[in-house]
Amino acid sequence: MQTLRHLLSKLPLSLLLIACLTLGLAPFFPVPHVWEKLTMLAHGTLSRPIDIFDLILHGTPWILLILRLLLVRSKPA
């Protein structure tokens with residue numbers, strides 16, 4: 001856990017925000033790709049390997065941003 005916290009603390013927050021807004025949401029129209037894949041996951045239609053890869057690819061920046069905000073802010077006393 002300390003190693004993960006240390007690695008995440010080295011990632012610039014601005015870089016994660018840019019990654020979320022570009023890779024995390026691209027393509028933007030008609031609906032952001034990550035939202036489309038999350039909807040497919042919720043409906044149980046996310047079964048093709050390319051769709052699973054897309055969810056991982058477009059979801060990774062968001063996961064890293066969330067982890068960065070949660071783990072780095074809750075530093076042990």
Side-chain angles (χ1 to χ4, degrees):
M1 187 66 146
Q2 281 297 69
T3 306
L4 177 62
R5 183 172 285 144
H6 178 70
L7 289 173
L8 285 172
S9 68
K10 289 187 173 226
L11 284 174
L13 194 56
S14 58
L15 178 67
L16 289 174
L17 286 172
I18 290 169
C20 286
L21 295 176
T22 55
L23 178 63
L25 293 177
F28 304 101
F29 297 106
V31 69
H33 216 51
V34 72
W35 186 253
E36 177 187 5
K37 300 306 174 188
L38 288 172
T39 304
M40 290 173 69
L41 181 64
H43 292 143
T45 59
L46 187 75
S47 59
R48 295 184 339 178
I50 190 68
D51 291 331
I52 295 168
F53 173 75
D54 272 351
L55 177 61
I56 292 168
L57 179 73
H58 294 283
T60 298
W62 294 101
I63 298 297
L64 288 175
L65 178 65
I66 291 167
L67 287 175
R68 167 83 159 80
L69 293 174
L70 291 176
L71 291 178
V72 174
R73 286 202 189 260
S74 64
K75 290 183 180 179

> Keeping to residues at least two apart or across chains, list the salt bridge (Lys or Arg N to Asp or Glu O under 4.0 Å) pairs with something in residues 19-31.
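Not a single pair qualifies under salt bridge (Lys or Arg N to Asp or Glu O under 4.0 Å).
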
> List for me each residue that meets side-chain contact (heavy atoms from CB on, under 4.5 Å) alongside Leu46, sequence neighbours excluded, and say none if there are none.
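Only Lys37, Met40, Leu41, Asp51, Ile52, Leu55 meet the side-chain contact (heavy atoms from CB on, under 4.5 Å) criterion with Leu46.
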
> I'd like to check the side-chain contact (heavy atoms from CB on, under 4.5 Å) partners of Pro12; sequence neighbours left out, ordered by chain and number.
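Residues passing side-chain contact (heavy atoms from CB on, under 4.5 Å) with Pro12: Ser14, Leu15.
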
> Applying salt bridge (Lys or Arg N to Asp or Glu O under 4.0 Å) as the test, list every pair that has at least one member in residues 60-72; sequence neighbours left out.
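The answer is none; no pair qualifies.
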
> What pairs with Leu64 under side-chain contact (heavy atoms from CB on, under 4.5 Å), at least two apart in sequence or on another chain?
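By the side-chain contact (heavy atoms from CB on, under 4.5 Å) rule, Leu64 matches Leu8, Leu16, Thr60.
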
> Among Ile, Leu, Val, Met, Phe, Trp and Tyr joined by side-chain contacts under 4.5 Å, find the other residues sharing a cluster with Ile50 and list them by chain and number.
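Hydrophobic cluster check, Ile50: joined to Leu23, Phe53, Leu57.
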
> Out of curiosity, Leu11 CG to Leu65 CG, how far, rounded to the nearest 0.5 Å?
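One finds 10.0 Å between CG of Leu11 and CG of Leu65.
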
> Does Leu69 form a side-chain contact (heavy atoms from CB on, under 4.5 Å) with Leu13? I'd like the steps, not just the answer.
CA-CA 9 Å; Leu69 293 174; Leu13 194 56; 3.9 Å; yes

> Same cluster for Leu7 and Leu71 if Ile/Leu/Val/Met/Phe/Trp/Tyr side chains link at under 4.5 Å?
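Result: no, two separate clusters.
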
> Are Trp62 and Leu25 side-chain neighbours, meaning at least one heavy-atom pair lies under 4.5 Å?
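In short, these two side chains touch, coming nearer than 4.5 Å.
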
> Quick one: which residue pairs count as a salt bridge (Lys or Arg N to Asp or Glu O under 4.0 Å) with a foot in residues 14-25, not counting sequence neighbours?
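Qualifying pairs, neighbours excluded: none.
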
> Mind listing the closest non-hydrogen atom pair of Cys20 and Pro61 along with its distance?
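The pair with the smallest heavy-atom distance is SG-O, 3.3 Å.
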
> Does Ile18 have any side-chain contact (heavy atoms from CB on, under 4.5 Å) partners at least two apart in sequence or in another chain, and if so, which?
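Only Thr22 meet the side-chain contact (heavy atoms from CB on, under 4.5 Å) criterion with Ile18.
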
